[in-house]
Trainee: 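Below is a structure I'd like to ask you about.
FYI, side chains are in, hydrogens and waters are out, and symmetry mates aren't considered; it's all heavy atoms of this structure.
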Amino acid sequence: MKFDTPATQNPIDQLKVVGHGVDRIDGPLKTTGTAPYAYERHDVAPQAAVGYVLGAAIGKGRIGSMDIEAARRAPGVLAVVTAQNAGKLGKGKMNTAKLLGGPDIEHYHQAIALVVAENLEQARAASRLIRVQYERAQGKFDLAAQKSATDKAGKNEPKEDRVGDFESAYAQAAIKIDHTYTTPDQSHAMMEPHASTAMWEGDALTVWTSNQMVAWGRGDVARTLGVPREKVRLISPYVGGGFGAKLFVRADAVLAALGARAAGRPVKVALQRPLIANNTTHRPATIQRVRIGTTQDGKITAIGHESWSGDLPGGQPEEAVQQTRLLYAGANRLTALNLMELNLPEGNAMRAPGEAPGLMALEIAVDEMAEAAGLDPVEFRVRNDTQVDPSKPDRPFSQRRLIECLRLGADHFGWADRSPRPGSRREGRWLVGLGVAAAFRNNLVTDSAARVRLDAAGQVIVETDMTDIGTGSYTIIAQTAAEMLGVPLAKVIVRLGDSTFPVSAGSGGQWGANSSTAGVYAACDKLRTAILQRLGFASDGAVFADGTVTDANGRQATLRDAAAGGDLVAEDKLEFGDLDKKFQQSTFGAHFVEVAVDAATGETRIRRMLAVCAAGRILNPKTARSQVIGAMTMGVGAALMEELAVDDRVGYFVNHDLASYEVPVHADIPSQEVIFLDETDPVSSPMKAKGVGELGLCGVGAAIANAIYNATGVRVRDYPVTLDKLLAGLPELA
């Protein structure tokens with residue numbers, strides 16, 4: 001099915017099932033421990049051996065020699081896999097560094113060996129017997145130092161986007177600011193580690209893995225191992241969290257496959273927690289300069305946002321300026337991305353890549369600009385709203401209700417009670433402040449396919465390689481099929497995460513819910529046609545409801561009648577056209593936060609949070625709310641505590657486990673509220689929906705930093721906002 005014109009009235013608009021806060025249908029399996037995750041596939045891969053990964057102990061250099069003989073002879077060991085004995089290996093399209101290193105080492109904890117043994121303890125003990133001699137090379141591990149060196153050498157070639165004449169407009173602006181902000185390296189800290197179980201049957205490989213994008217993963221496993229794609233099957237029905245770290249194949253999948261081939265039996269590999277931060281991917285640190293110039297009455301005339309971030313050779317910059325191209329009006333604009341070569345572990349996608357760290361800088365700068373212009377922060381944002389792409393005024397937003405999010409949020413949160421004078425509101429020992437930030441995330445869509453079957457019992461079976469990373473994919477897909485075919489939710493069976501199923505959008509980039517349900521919509525629409533043809537009913541005016549089909553003439557039959565002559569199967573793909581070229585498609589919101597800061601110690605406590613979101617049709621308010629609350633919580637971590645500490649002598653993240661990498665918990669955030677605007681976006685998809693899971697994160701960090709400033713009068717521009725950055729500037733104790 002082609003989607004190249006805005007959606008009109010369709011069966012989803014009935015909202016008999018879609019749009020309702022349905023409990024997750026996978027919930028009982030997960031809460032009872034019966035949902036099989038990748039490392040637990042004893043049912044299909046019995047007597048699996050266990051692999052233990054050895055990571056490199058240097059950040060850059062070469063392996064001079066590696067002695068594995070003692071490990072090979074250790075009790076229970078079945079095989080030791082290294083780059084020297086693994087055979088010729090390629091590199092996946094989605095991987096920046098090789099997943100099995102040697103002799104060259106590209107980053108700290110790059111996998112250099114896999115020990116396969118009868119159990120984990122034997123494999124781990126044997127790995128300690130491997131003797132590696134390294135030849136260290138000088139690495140680049142400090143972003144600020146690299147930026148400084150590159151600036152002085154004049155070699156940097158930023159990726160720039162210009163509209164108008166930023167420099168002249170900024171120089172002539174009546175009011176202006178120019179500040180630099182930093183965000184640190186951050187780690188995905190999902191509950192389930194990167195894990196895979198692999199089994200060969202002849203030359204055919206099956207990998208049960210924890211992966212967000214099954215089709216991408218299948219291709220990269222085949223490419224890395226040098227085997228035909230059709231000989232590889234990836235299965236990932238349940239993913240215990242990903243946040244972008246599992247968008248791409250990692251070392252666990254490839255090494256499990258290599259270990260299974262070497263040992264001649266199934267092998268399972270889970271990256272040990274201390275290895276994940278350095279071996280997989282992370283959100284890279286940024287240095288961001290924001291300049292804004294306005295008229296005397298606070299209208300933006302010039303806005304510039306430049307970002308510096310680092311990655312391994314061949315990597316990509318963190319797209320921290322993309323929201324600045326679209327969020328506020330202004331005739332003269334400059335955005336620039338600068339990529340520094342670093343030998344730290346790979347920088348890549350982490351929930352809301354680009355906008356999350358970009359808004360952490362931009363939305364503080366906007367507050368600072370509002371203060372300089374003598375305007376309330378909400379009013380300043382409203383005053384600089386735009387209904388068109390600022391760089392292409394003939395390209396309107398398909399939907400843009402940012403002002404409504406800000407106004408509704410301010411009213412609901414009690415913004416009028418906020419004191420405009422920082423540090424003026426006290427409650428005993430606590431300094432209290434309110435903060436706001438706009439939320440923005442582009443609405444991405446990608447082609448998605450599904451197969452739908454109607455059986456003789458009147459059941460509807462949906463198959464697609466879409467994944468569920470804890471976000472509710474099973475449920476909204478079931479709701480879509482139930483709505484389209486007029487059956488109760490209990491009559492829908494959803495099967496996900498198998499590369500033998502039609503290729504879906506996958507889970508990532510906030511595109512999964514909208515795109516995958518659109519693919520199911522297309523397949524169900526095709527199945528509706530097949531059902532009507534089987535029954536001899538005309539398609540015009542036919543109604544599917546309560547397990548029956550009624551045509552325009554009043555003739556009626558059940559779905560079981562339609563399938564009595566054999567199962568009916570339909571498969572289709574939703575192919576998105578060029579509507580994104582005619583309309584700018586984005587999601588919007590507003591975050592409001594109240595904090596209390598201890599006047600003596602600088603300790604910050606979150607008191608309450610509110611997110612107001614405009615993200616198209618909300619397919620399931622319960623699962624969507626859960627997504628936004630989780631994102632808000634993640635934003636608290638980014639604002640107040642999360643930071644990978646870099647040892648810039650040897651190039652690794654020191655706090656690389658859950659004991660030392662701090663994340664917020666329930667007790668840190670007593671009150672969180674989410675409001676969804678009632679809207680549909682026909683330009684987005686037949687579902688008229690958009691993504692929302694990453695919008696809930698975008699802007700949260702800045703709202704907290706702005707609230708802290710309002711509470712204390714201390715402006716911190718370097719995240720996380722820890723108490724040591726507040727203490728010197730706190731007002732005198734009464």
Trainee: If you take all heavy atoms of Ala631 and Leu697, which pair is closest and at what distance?
Mentor: CB-N, 3.3 Å

Trainee: Here's a test for you: under side-chain hydrogen bond (donor to acceptor under 3.5 Å, both in side chains), which of Gln510, Gln627, Arg441 qualifies with Glu694?
Mentor: Arg441

Trainee: Would you call Arg400 and Asp385 a salt bridge, using N to O less than 4.0 angstrom?
Mentor: yes

Trainee: Does CG belonging to Asp678 count more than 12 external heavy atoms closer than 6.0 Å?
Mentor: no

Trainee: Could you tell me if the side chain of Arg333 sits less than 4.5 Å from the side chain of His305, heavy atoms only?
Mentor: no

Trainee: Heavy-atom distance under 4.5 Å between the side chains of Pro731 and Arg426, does that happen here?
Mentor: yes

Trainee: Give the ring-plane orientation class for Phe592 versus Trp415, where under 30° counts as parallel, over 60° as perpendicular and anything between as tilted.
Mentor: perpendicular

Trainee: Give a yes-or-no answer on whether the side chains of Ser309 and Thr286 include a donor-acceptor pair shorter than 3.5 Å.
Mentor: no

Trainee: Tell me if a side-chain donor or acceptor on Asp681 pairs with a main-chain N or O of Gly616 at a distance below 3.5 Å.
Mentor: no

Trainee: Any chance you could measure His282, atom NE2, to Asn348, atom CG, to the nearest 0.5 Å?
Mentor: 9.5 Å

Trainee: Does a side chain donor of either Arg325 or Thr335 reach within less than 3.5 Å of an acceptor in the other side chain?
Mentor: yes

Trainee: Hey, is the main chain of Leu644 close enough, under 3.5 Å, to the side chain of Asp185 for a donor-acceptor pair?
Mentor: no

Trainee: Salt bridge between Asp367 and Arg381, side-chain N to carboxylate O under 4.0 Å?
Mentor: yes

Trainee: Checking His412 against Glu673 for the side-chain hydrogen bond (donor to acceptor under 3.5 Å, both in side chains) test, could you report, in this order, the C-alpha distance in whole Å, the side-chain angles of both residues, the deciding distance, and whether it holds?
Mentor: CA-CA 10 Å; His412 190 83; Glu673 192 174 358; 2.7 Å; yes

Trainee: Whether the side chain of Lys690 engages the backbone of Arg617 through a donor-acceptor N/O pair (distance < 3.5 Å, no angle test) should be reported.
Mentor: no

Trainee: Is Arg717 salt-bridged to Glu368, cutoff N-O under 4.0 Å?
Mentor: yes

Trainee: Under 4.5 Å between any side-chain heavy atoms of Cys698 and Phe440, yes or no?
Mentor: no

Trainee: First locate atom OG1 of Thr386, then atom CD of Gln584, and finally report the distance between them rounded to the nearest 0.5 Å.
Mentor: 10.5 Å

Trainee: Would you call Pro664 and Met641 a side-chain contact if the rule is heavy atoms closer than 4.5 Å?
Mentor: yes

Trainee: Please round to the nearest 0.5 Å and tell me the distance separating atom NZ of Lys140 and atom OG1 of Thr150.
Mentor: 7.5 Å

Trainee: Please determine if Asp151 and Lys147 form a salt bridge, counting it only when a charged side-chain N lies under 4.0 Å from a carboxylate O.
Mentor: yes

Trainee: With the side chain counted from C-beta on, respond yes when Phe380 and Glu371 share a heavy-atom pair under 4.5 Å apart, and no when they do not.
Mentor: no

Trainee: Between Phe653 and Tyr108, does the ring centre distance come in under 6.0 Å?
Mentor: no

Trainee: For Lys299, I'd like to know if atom NZ has over 12 heavy atoms of other residues, nucleotides or ligands within 6.0 Å.
Mentor: no

Trainee: Measuring only between side-chain heavy atoms, which start at C-beta, is Glu594 closer than 4.5 Å to Phe413?
Mentor: yes

Trainee: Are any side-chain N or O atoms of Glu318 and backbone N or O atoms of Arg283, one a donor and one an acceptor, separated by less than 3.5 Å?
Mentor: no

Trainee: Do Phe141 and Arg649 have side-chain heavy atoms sitting under 4.5 Å apart?
Mentor: no

Trainee: So which atom in Asn332 and which in Ala169 form the shortest heavy-atom distance, rounded to 0.1 Å?
Mentor: ND2-CB, 3.3 Å

Trainee: Which heavy atom of Gln322 sits nearest a heavy atom of Gly354, and at what distance?
Mentor: NE2-CA, 3.9 Å

Trainee: Side chains of Thr96 and Glu346: any donor to acceptor distance under 3.5 Å?
Mentor: yes

Trainee: Under 3.5 Å, is there a donor-acceptor pair between the side chain of Ser419 and the main chain of Arg421?
Mentor: yes

Trainee: Regarding Arg273 and Asp657, does a basic nitrogen lie under 4.0 Å from an acidic carboxylate oxygen?
Mentor: no

Trainee: Indicate yes or no for a side-chain donor-acceptor contact from Asn279 to the backbone of His109 under 3.5 Å, with no hydrogens or angles considered.
Mentor: yes

Trainee: Run the numbers on Ile704 and Val636 for side chain to side chain contact (heavy atoms under 4.5 Å, CB included), then give the verdict.
Mentor: CA-CA 7 Å; Ile704 293 170; Val636 172; 3.8 Å; yes

Trainee: To the nearest 0.5 Å, what is the distance between CG (Asp161) and CG (Leu337)?
Mentor: 9.5 Å

Trainee: Would you please test Ile708 and Val714 for side chain to side chain contact (heavy atoms under 4.5 Å, CB included) and show each step?
Mentor: CA-CA 7 Å; Ile708 291 171; Val714 181; 5.8 Å; no

Trainee: Please indicate whether Arg607 has more than 12 foreign heavy atoms, meaning atoms of other residues, nucleotides or ligands, lying under 6.0 Å from its CZ.
Mentor: yes

Trainee: Provide the closest heavy-atom pair for Asn710 versus Leu434 in the form atom of the first, atom of the second, distance.
Mentor: OD1-N, 2.9 Å

Trainee: Are Asn442 and Ser586 linked by a side-chain donor-acceptor pair shorter than 3.5 Å?
Mentor: yes

Trainee: Report yes or no: does His188 contribute a side-chain atom to a donor-acceptor pair with the main-chain N or O of Lys246 at less than 3.5 Å?
Mentor: no

Trainee: Are any side-chain N or O atoms of Asn514 and backbone N or O atoms of Ala689, one a donor and one an acceptor, separated by less than 3.5 Å?
Mentor: yes

Trainee: Rounded to the nearest 0.5 Å, what's the gap from CG on Leu640 to CD1 on Ile606? Could you check?
Mentor: 5.0 Å

Trainee: Let me see the working for Thr633 and Gln672 under side-chain hydrogen bond (donor to acceptor under 3.5 Å, both in side chains), right down to the final yes or no.
Mentor: CA-CA 9 Å; Thr633 305; Gln672 292 173 298; 3.2 Å; yes

Trainee: Is a side-chain N or O of Asn706 found less than 3.5 angstrom from the main chain of Ala702, in a donor-acceptor match?
Mentor: yes

Trainee: With a 4.5 Å limit on heavy-atom distance, are the side chains of Leu334 and Ile303 in contact?
Mentor: no

Trainee: To the nearest 0.5 angstrom, please state how far the CG atom of Asp311 sits from the NE2 atom of His107.
Mentor: 10.0 Å

Trainee: Test side-chain hydrogen bond (donor to acceptor under 3.5 Å, both in side chains) on Thr182 and Asp718 and set out the steps.
Mentor: CA-CA 5 Å; Thr182 67; Asp718 301 300; 2.6 Å; yes

Trainee: Which atom pair, heavy atoms only, marks the closest approach of Gly651 to Pro345?
Mentor: O-CD, 4.4 Å

Trainee: Salt-bridged, Arg425 to Glu427, with N to O below 4.0 Å?
Mentor: yes

Trainee: Looking at Glu167 and Arg162, does any basic side-chain N land under 4.0 Å from a carboxylate oxygen?
Mentor: yes

Trainee: Please verify the inter-ring angle class for His179 with Tyr181; under 30° counts as parallel, over 60° as perpendicular, anything in between as tilted.
Mentor: perpendicular

Trainee: Side chain of Asn384, backbone of Ile300: donor and acceptor closer than 3.5 Å?
Mentor: yes

Trainee: Please determine whether a side-chain nitrogen of the Lys or Arg among Glu679 and Arg401 lies less than 4.0 Å from a carboxylate oxygen of the Asp or Glu.
Mentor: yes

Trainee: So, is the end of the Arg351 side chain (NZ or CZ) under 6.0 Å from the ring centre of Phe243 and within 45° of the ring's axis?
Mentor: no

Trainee: More than 12 heavy atoms of other residues, nucleotides or ligands under 6.0 Å from CZ of Arg625: yes or no?
Mentor: no

Trainee: Looking only at non-hydrogen atoms, find the nearest pair between Ala638 and Gln186 and report the distance.
Mentor: CB-NE2, 3.6 Å

